[in-house]
2 protein chains.
Amino acid sequence: MSEHSHGDANLTRNQALVLETLSAADGSLSAYTILDHLRDKGFRAPLQVYRALDRLVELGLVHRLETLNAFVVCRRSDCEGHGTVAFTICKKCDNVAELTGEEIAGTLNSVAVDVGFALEKSTVELRGICGACRAG
Amino acid sequence: MSEHSHGDANLTRNQALVLETLSAADGSLSAYTILDHLRDKGFRAPLQVYRALDRLVELGLVHRLETLNAFVVCRRSDCEGHGTVAFTICKKCDNVAELTGEEIAGTLNSVAVDVGFALEKSTVELRGICGACRAG
DNA sequence: GTGGCATATGTTATATTATTACACAAACCA
DNA sequence: TGGTTTGTGTAATAATATAACATATGCCAC
(Lines give C-alpha, C1' and ligand atoms only; values in the text may rest on other atoms or scores of the structure.)
Protein backbone atom coordinates (compact mmCIF):
# COMPACT_ATOMS: atom_id res chain seq x y z
CA MET A 1 0.00 0.00 0.00
CA SER A 2 0.99 3.56 -0.51
CA GLU A 3 1.94 5.84 2.29
CA HIS A 4 0.73 8.81 0.28
CA SER A 5 -2.71 9.92 -0.66
CA HIS A 6 -1.68 10.05 -4.24
CA GLY A 7 -1.53 6.44 -5.18
CA ASP A 8 2.12 6.39 -6.09
CA ALA A 9 2.12 2.66 -5.59
CA ASN A 10 2.74 2.02 -9.24
CA LEU A 11 5.54 4.46 -9.61
CA THR A 12 9.04 3.35 -10.45
CA ARG A 13 11.90 4.12 -8.11
CA ASN A 14 12.98 7.17 -10.09
CA GLN A 15 9.48 8.50 -10.38
CA ALA A 16 8.89 8.04 -6.66
CA LEU A 17 12.13 9.82 -5.79
CA VAL A 18 11.29 12.78 -7.98
CA LEU A 19 7.77 12.96 -6.55
CA GLU A 20 9.11 12.84 -3.00
CA THR A 21 11.55 15.62 -3.74
CA LEU A 22 8.81 17.79 -5.12
CA SER A 23 6.48 16.96 -2.26
CA ALA A 24 9.10 17.94 0.29
CA ALA A 25 9.76 21.23 -1.46
CA ASP A 26 8.21 24.51 -0.50
CA GLY A 27 7.33 25.78 -3.90
CA SER A 28 8.33 24.73 -7.35
CA LEU A 29 11.62 23.18 -8.39
CA SER A 30 13.45 23.15 -11.67
CA ALA A 31 14.47 19.85 -13.18
CA TYR A 32 18.12 20.58 -12.46
CA THR A 33 17.42 21.44 -8.85
CA ILE A 34 15.67 18.13 -8.50
CA LEU A 35 18.67 16.46 -10.08
CA ASP A 36 20.96 18.05 -7.49
CA HIS A 37 18.70 16.86 -4.68
CA LEU A 38 18.88 13.34 -6.00
CA ARG A 39 22.57 12.98 -6.76
CA ASP A 40 23.18 11.08 -3.58
CA LYS A 41 20.41 8.70 -4.56
CA GLY A 42 22.35 7.84 -7.67
CA PHE A 43 20.95 10.31 -10.15
CA ARG A 44 23.57 11.43 -12.63
CA ALA A 45 21.84 12.87 -15.70
CA PRO A 46 19.01 15.34 -16.43
CA LEU A 47 17.21 12.76 -18.46
CA GLN A 48 16.54 10.67 -15.40
CA VAL A 49 14.65 13.60 -13.96
CA TYR A 50 12.91 14.62 -17.15
CA ARG A 51 11.70 11.10 -17.83
CA ALA A 52 10.26 10.78 -14.36
CA LEU A 53 8.68 14.22 -14.63
CA ASP A 54 7.09 13.37 -17.98
CA ARG A 55 5.36 10.42 -16.45
CA LEU A 56 4.33 12.24 -13.28
CA VAL A 57 2.87 15.09 -15.31
CA GLU A 58 1.06 12.57 -17.48
CA LEU A 59 -0.41 11.02 -14.34
CA GLY A 60 -1.44 14.44 -13.07
CA LEU A 61 0.64 14.09 -9.92
CA VAL A 62 2.89 16.94 -10.95
CA HIS A 63 2.25 20.11 -12.90
CA ARG A 64 4.63 22.03 -15.06
CA LEU A 65 4.78 25.80 -14.65
CA GLU A 66 5.53 27.26 -18.04
CA THR A 67 6.35 30.73 -16.80
CA LEU A 68 9.01 29.38 -14.44
CA ASN A 69 10.24 26.35 -16.35
CA ALA A 70 9.66 24.51 -13.12
CA PHE A 71 7.51 21.81 -11.59
CA VAL A 72 5.18 21.55 -8.60
CA VAL A 73 3.54 18.61 -6.95
CA CYS A 74 -0.24 18.57 -7.21
CA ARG A 75 -1.79 19.36 -3.87
CA ARG A 76 -5.32 18.41 -4.79
CA SER A 77 -6.90 15.35 -3.31
CA ASP A 78 -8.39 14.27 -6.61
CA CYS A 79 -5.35 15.24 -8.56
CA GLU A 80 -5.53 12.41 -11.00
CA GLY A 81 -7.64 13.26 -13.96
CA HIS A 82 -8.61 16.82 -13.30
CA GLY A 83 -8.42 18.92 -16.39
CA THR A 84 -7.93 22.63 -16.57
CA VAL A 85 -5.95 24.07 -13.76
CA ALA A 86 -4.83 27.56 -13.06
CA PHE A 87 -2.01 28.58 -10.78
CA THR A 88 -1.21 31.61 -8.71
CA ILE A 89 2.49 32.25 -8.26
CA CYS A 90 3.59 34.71 -5.60
CA LYS A 91 6.41 37.02 -6.60
CA LYS A 92 7.48 37.49 -3.01
CA CYS A 93 7.40 34.06 -1.41
CA ASP A 94 7.31 31.90 -4.53
CA ASN A 95 4.29 30.09 -3.19
CA VAL A 96 2.31 28.28 -5.86
CA ALA A 97 -1.37 27.58 -5.41
CA GLU A 98 -3.81 25.74 -7.62
CA LEU A 99 -7.10 27.36 -8.48
CA THR A 100 -9.76 24.75 -8.83
CA GLY A 101 -13.00 26.53 -9.65
CA GLU A 102 -14.99 25.64 -12.71
CA GLU A 103 -15.31 29.29 -13.58
CA ILE A 104 -12.00 29.55 -15.34
CA ALA A 105 -12.40 26.33 -17.28
CA GLY A 106 -15.92 27.34 -18.23
CA THR A 107 -14.91 30.76 -19.45
CA LEU A 108 -12.00 29.43 -21.47
CA ASN A 109 -14.14 26.77 -23.05
CA SER A 110 -16.87 29.20 -23.96
CA VAL A 111 -14.43 31.69 -25.45
CA ALA A 112 -12.74 28.91 -27.41
CA VAL A 113 -16.06 27.73 -28.77
CA ASP A 114 -16.90 31.29 -29.80
CA VAL A 115 -13.86 31.46 -32.06
CA GLY A 116 -14.16 27.91 -33.32
CA PHE A 117 -11.09 26.68 -31.53
CA ALA A 118 -10.98 23.04 -30.39
CA LEU A 119 -9.40 23.46 -26.99
CA GLU A 120 -7.21 20.63 -25.79
CA LYS A 121 -5.02 22.04 -23.07
CA SER A 122 -5.06 25.28 -21.14
CA THR A 123 -2.15 26.97 -19.48
CA VAL A 124 -3.13 29.63 -16.97
CA GLU A 125 -0.54 31.13 -14.65
CA LEU A 126 -1.14 34.22 -12.58
CA ARG A 127 1.69 36.29 -11.17
CA GLY A 128 1.16 38.58 -8.25
CA ILE A 129 1.26 38.72 -4.48
CA CYS A 130 -0.42 36.06 -2.39
CA GLY A 131 -2.75 36.77 0.50
CA ALA A 132 -0.20 35.88 3.15
CA CYS A 133 2.42 38.24 1.74
CA ARG A 134 -0.09 41.05 1.38
CA ALA A 135 -1.16 40.61 4.99
CA GLY A 136 2.31 40.07 6.48
CA MET B 1 6.11 59.19 -39.62
CA SER B 2 5.76 55.50 -39.27
CA GLU B 3 4.87 53.25 -42.15
CA HIS B 4 3.25 50.82 -39.76
CA SER B 5 0.09 51.04 -37.75
CA HIS B 6 2.03 50.33 -34.62
CA GLY B 7 3.87 53.54 -34.03
CA ASP B 8 7.33 52.05 -34.30
CA ALA B 9 8.68 55.51 -35.06
CA ASN B 10 10.63 55.60 -31.85
CA LEU B 11 12.16 52.21 -32.20
CA THR B 12 15.87 51.74 -32.58
CA ARG B 13 17.27 50.04 -35.64
CA ASN B 14 17.60 46.70 -33.89
CA GLN B 15 14.14 46.87 -32.43
CA ALA B 16 12.64 47.77 -35.79
CA LEU B 17 14.44 44.90 -37.50
CA VAL B 18 13.21 42.39 -34.94
CA LEU B 19 9.68 43.73 -35.18
CA GLU B 20 9.75 43.53 -38.98
CA THR B 21 10.98 39.96 -38.83
CA LEU B 22 8.17 39.00 -36.49
CA SER B 23 5.61 40.88 -38.55
CA ALA B 24 6.66 39.07 -41.69
CA ALA B 25 6.48 35.69 -40.00
CA ASP B 26 3.52 33.40 -40.19
CA GLY B 27 3.33 32.37 -36.59
CA SER B 28 5.70 32.72 -33.71
CA LEU B 29 9.48 32.74 -33.89
CA SER B 30 12.11 31.83 -31.34
CA ALA B 31 14.78 34.35 -30.48
CA TYR B 32 17.39 32.26 -32.25
CA THR B 33 15.30 31.97 -35.40
CA ILE B 34 15.00 35.73 -35.42
CA LEU B 35 18.75 35.94 -35.00
CA ASP B 36 19.28 33.72 -38.03
CA HIS B 37 16.93 35.88 -40.09
CA LEU B 38 18.90 38.96 -39.16
CA ARG B 39 22.46 37.76 -39.62
CA ASP B 40 22.73 39.45 -42.98
CA LYS B 41 21.62 42.67 -41.34
CA GLY B 42 24.60 42.49 -39.07
CA PHE B 43 23.19 40.63 -36.09
CA ARG B 44 25.81 38.39 -34.48
CA ALA B 45 24.71 37.57 -30.93
CA PRO B 46 21.51 36.43 -29.18
CA LEU B 47 21.65 39.38 -26.89
CA GLN B 48 20.93 41.74 -29.73
CA VAL B 49 17.67 39.93 -30.27
CA TYR B 50 16.78 39.51 -26.61
CA ARG B 51 17.38 43.16 -25.87
CA ALA B 52 15.15 44.24 -28.71
CA LEU B 53 12.50 41.73 -27.70
CA ASP B 54 12.54 42.93 -24.10
CA ARG B 55 11.74 46.41 -25.22
CA LEU B 56 9.12 45.37 -27.77
CA VAL B 57 7.37 43.23 -25.18
CA GLU B 58 7.50 46.12 -22.74
CA LEU B 59 5.86 48.32 -25.38
CA GLY B 60 3.21 45.68 -26.00
CA LEU B 61 4.15 45.37 -29.66
CA VAL B 62 5.28 41.80 -29.19
CA HIS B 63 4.06 39.04 -26.90
CA ARG B 64 6.01 36.20 -25.47
CA LEU B 65 4.49 32.72 -25.64
CA GLU B 66 5.60 30.88 -22.54
CA THR B 67 4.52 27.47 -23.73
CA LEU B 68 6.63 27.77 -26.87
CA ASN B 69 9.49 29.94 -25.65
CA ALA B 70 8.74 32.03 -28.67
CA PHE B 71 7.49 35.45 -29.66
CA VAL B 72 4.65 36.83 -31.79
CA VAL B 73 3.88 40.26 -33.06
CA CYS B 74 0.75 41.80 -31.63
CA ARG B 75 -1.95 41.93 -34.27
CA ARG B 76 -4.31 44.17 -32.38
CA SER B 77 -4.87 47.70 -33.49
CA ASP B 78 -4.72 49.07 -29.98
CA CYS B 79 -1.91 46.84 -28.96
CA GLU B 80 -0.17 49.38 -26.81
CA GLY B 81 -1.47 49.32 -23.32
CA HIS B 82 -3.92 46.47 -23.43
CA GLY B 83 -3.71 44.32 -20.38
CA THR B 84 -4.55 40.67 -20.10
CA VAL B 85 -4.10 38.71 -23.26
CA ALA B 86 -4.96 35.14 -24.05
CA PHE B 87 -3.70 33.16 -26.98
CA THR B 88 -4.87 30.22 -28.99
CA ILE B 89 -2.07 28.18 -30.50
CA CYS B 90 -2.93 25.68 -33.18
CA LYS B 91 -1.11 22.36 -32.97
CA LYS B 92 -1.47 21.74 -36.67
CA CYS B 93 -0.67 25.00 -38.41
CA ASP B 94 1.08 26.80 -35.55
CA ASN B 95 -1.21 29.75 -36.02
CA VAL B 96 -1.38 32.02 -33.00
CA ALA B 97 -4.42 34.18 -32.34
CA GLU B 98 -5.10 36.68 -29.62
CA LEU B 99 -8.35 36.46 -27.71
CA THR B 100 -9.45 39.88 -26.76
CA GLY B 101 -12.70 39.59 -24.85
CA GLU B 102 -13.09 40.91 -21.36
CA GLU B 103 -14.56 37.64 -20.20
CA ILE B 104 -11.28 35.93 -19.51
CA ALA B 105 -9.72 38.90 -17.78
CA GLY B 106 -12.87 39.35 -15.75
CA THR B 107 -13.02 35.76 -14.64
CA LEU B 108 -9.35 35.65 -13.70
CA ASN B 109 -9.66 38.86 -11.75
CA SER B 110 -12.69 37.67 -9.88
CA VAL B 111 -11.15 34.32 -9.02
CA ALA B 112 -7.97 36.05 -7.86
CA VAL B 113 -9.96 38.36 -5.64
CA ASP B 114 -11.79 35.37 -4.18
CA VAL B 115 -8.54 33.85 -2.95
CA GLY B 116 -6.98 37.14 -1.87
CA PHE B 117 -4.38 37.16 -4.60
CA ALA B 118 -3.18 40.52 -5.95
CA LEU B 119 -3.02 39.73 -9.64
CA GLU B 120 -0.38 41.54 -11.64
CA LYS B 121 0.13 39.57 -14.81
CA SER B 122 -1.80 36.73 -16.41
CA THR B 123 -0.47 34.16 -18.79
CA VAL B 124 -3.16 32.33 -20.72
CA GLU B 125 -2.25 30.03 -23.59
CA LEU B 126 -4.66 27.57 -25.15
CA ARG B 127 -3.46 24.64 -27.21
CA GLY B 128 -5.75 22.90 -29.68
CA ILE B 129 -6.89 23.00 -33.28
CA CYS B 130 -7.91 26.23 -34.92
CA GLY B 131 -11.10 26.69 -36.90
CA ALA B 132 -9.36 26.67 -40.26
CA CYS B 133 -7.61 23.37 -39.58
CA ARG B 134 -10.80 21.78 -38.29
CA ALA B 135 -12.64 22.81 -41.40
CA GLY B 136 -9.89 21.99 -43.87
C1' DG C 1 10.93 -21.97 -19.24
C1' DT C 2 12.09 -19.35 -23.72
C1' DG C 3 11.64 -15.96 -26.85
C1' DG C 4 9.80 -11.58 -27.86
C1' DC C 5 8.00 -7.22 -26.58
C1' DA C 6 7.20 -3.12 -23.99
C1' DT C 7 8.95 -0.32 -20.51
C1' DA C 8 12.45 1.60 -17.69
C1' DT C 9 17.30 2.83 -17.06
C1' DG C 10 22.09 4.65 -17.54
C1' DT C 11 25.26 7.44 -19.99
C1' DT C 12 27.27 10.60 -23.26
C1' DA C 13 26.73 14.10 -26.11
C1' DT C 14 24.32 17.84 -27.94
C1' DA C 15 20.58 21.22 -28.86
C1' DT C 16 17.97 25.11 -27.41
C1' DT C 17 16.96 29.06 -24.70
C1' DA C 18 18.63 32.89 -21.91
C1' DT C 19 21.84 35.77 -19.17
C1' DT C 20 26.29 37.84 -17.23
C1' DA C 21 30.08 40.71 -17.82
C1' DC C 22 32.56 44.14 -19.91
C1' DA C 23 33.91 47.65 -23.37
C1' DC C 24 32.42 51.16 -26.42
C1' DA C 25 29.40 54.61 -28.75
C1' DA C 26 25.57 57.82 -29.49
C1' DA C 27 21.98 60.93 -27.67
C1' DC C 28 20.70 64.02 -24.41
C1' DC C 29 20.97 67.66 -21.46
C1' DA C 30 22.72 70.44 -17.40
C1' DT D 1 32.34 70.36 -21.53
C1' DG D 2 31.30 66.86 -18.83
C1' DG D 3 28.10 63.54 -17.04
C1' DT D 4 24.27 60.51 -17.53
C1' DT D 5 21.31 57.48 -19.80
C1' DT D 6 20.46 54.41 -23.35
C1' DG D 7 21.77 51.52 -26.89
C1' DT D 8 25.32 48.49 -29.00
C1' DG D 9 28.86 44.74 -29.88
C1' DT D 10 31.15 40.75 -28.38
C1' DA D 11 32.61 36.79 -25.81
C1' DA D 12 31.67 33.70 -22.46
C1' DT D 13 28.66 31.06 -19.84
C1' DA D 14 24.39 29.51 -17.52
C1' DA D 15 20.04 27.16 -17.56
C1' DT D 16 16.76 24.22 -19.70
C1' DA D 17 15.75 20.23 -22.63
C1' DT D 18 16.39 16.40 -25.96
C1' DA D 19 18.71 12.85 -29.13
C1' DA D 20 20.99 8.68 -29.63
C1' DC D 21 22.43 4.45 -28.17
C1' DA D 22 23.30 0.56 -25.07
C1' DT D 23 21.64 -2.25 -21.40
C1' DA D 24 18.39 -4.11 -18.13
C1' DT D 25 13.96 -5.61 -16.29
C1' DG D 26 9.28 -7.25 -16.13
C1' DC D 27 5.61 -9.38 -18.51
C1' DC D 28 3.18 -12.49 -21.30
C1' DA D 29 2.22 -15.75 -25.21
C1' DC D 30 3.68 -19.86 -26.59
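Throughout, a chain's letter reflects where its sequence line sits, starting with A, and its residues are numbered from 1. Given the structure is predicted, the values throughout are model-derived calculations rather than measurements.
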K.L.:
Look at the side chain of A/Thr12 and decide which nucleotide, out of C/dT11, C/dA8, D/dT8, has an atom nearest to it.
P.N.:
C/dA8

K.L.:
Mind checking what makes ring-ring contact (aromatic ring centres under 6.0 Å, His included) contact with A/Tyr50, not counting sequence neighbours?
P.N.:
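Not a single residue meets the ring-ring contact (aromatic ring centres under 6.0 Å, His included) criterion with A/Tyr50.
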
K.L.:
To the nearest angstrom, how far is A/Arg51 atom CZ from D/dC21 atom P?
P.N.:
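Atom-to-atom, A/Arg51 to D/dC21, this comes out as 14 Å.
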
K.L.:
In whole Å, what is the span from the CG atom of B/Leu47 to the P atom of C/dT20?
P.N.:
10 Å

K.L.:
I'd like to check, for A/Tyr32, whether its ring lies over the base of D/dT16 with centroids under 5.5 Å apart and a plane angle smaller than 30°.
P.N.:
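A stacking contact exists, since A/Tyr32 sits close and nearly parallel to the base ring of D/dT16.
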
K.L.:
Starting from the 5' end of DNA chain C, give me the residue, B/Arg64 or A/Gln48, whose nearest nucleotide shows up first.
P.N.:
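Its nucleotide being nearer the 5' end, the pick is A/Gln48.
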
K.L.:
Using the side-chain heavy atoms of B/Tyr50, tell me which of these nucleotides is nearest: C/dT9, C/dT19, D/dG9.
P.N.:
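My answer, after comparing the listed nucleotides, is C/dT19.
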
K.L.:
For A/Leu68 and D/dA17, give me the distance from atom CG to atom P, rounded to whole Å.
P.N.:
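It is 11 Å, rounded to the nearest whole Å.
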
K.L.:
Do the side-chain N or O atoms of A/Asn69 get closer than 4.0 angstrom to the phosphate oxygens (OP1, OP2) of C/dA18?
P.N.:
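Answer no for this pair, as no side-chain N or O of A/Asn69 is under 4.0 Å from OP1 or OP2.
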
K.L.:
State, with a plain yes or no, whether a side-chain heavy atom of A/Ile104 is found less than 4.5 Å away from one of B/Leu108.
P.N.:
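In short, these two side chains touch, coming nearer than 4.5 Å.
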
K.L.:
Taking N and O atoms by type only, does the side chain of B/Arg55 place a donor or acceptor under 3.5 Å from a partner on the base of D/dG7?
P.N.:
no

K.L.:
Within this structure, what is the NZ-to-C1' distance between B/Lys41 and D/dG9, rounded to whole angstrom?
P.N.:
19 Å

K.L.:
Calculate the interatomic distance between A/Arg13 atom CZ and C/dT9 atom C1'; express it in whole Å.
P.N.:
11 Å

K.L.:
Measure CG/A/Leu56 against P/C/dA8 and give the value in whole Å, please.
P.N.:
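Computing the A/Leu56:CG to C/dA8:P distance gives 11 Å.
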
K.L.:
Establish, from distance only, whether the side-chain atoms of A/Glu66 and B/Thr67 form a donor-acceptor pair under 3.5 Å.
P.N.:
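Per modelled atom types, A/Glu66 and B/Thr67 side chains form no pair under 3.5 Å.
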
K.L.:
Find the distance B/Leu35:CG to C/dT16:P and express it as a whole number of Å.
P.N.:
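In whole Å, C/dT16 P lies 13 Å from B/Leu35 CG.
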
K.L.:
Side chain of B/Ala45 only, heavy atoms from C-beta on: which candidate in C/dT9, D/dT10, D/dT18 is closest?
P.N.:
D/dT10

K.L.:
In whole angstroms, how far is the P atom of C/dT17 from the CZ atom of B/Phe71?
P.N.:
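Value for this atom pair: 10 Å.
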
K.L.:
According to a strict under-4.0 Å criterion, is B/Ser30 in side-chain N/O contact with OP1 or OP2 of C/dT16?
P.N.:
no

K.L.:
Check every atom of D/dG7, C/dA18, D/dT10 against the side chain of B/Gln15 and return the nucleotide holding the closest atom.
P.N.:
D/dG7

K.L.:
Is the closest side-chain donor-acceptor distance between B/Ser110 and B/Thr107 under 3.5 Å?
P.N.:
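No.
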
K.L.:
Set out, in order, the CA-CA distance, both residues' side-chain angles and the distance that settles side chain to side chain contact (heavy atoms under 4.5 Å, CB included) for B/Leu126 and A/Phe117, then state yes or no.
P.N.:
CA-CA 9 Å; B/Leu126 310 181; A/Phe117 188 82; 4.2 Å; yes

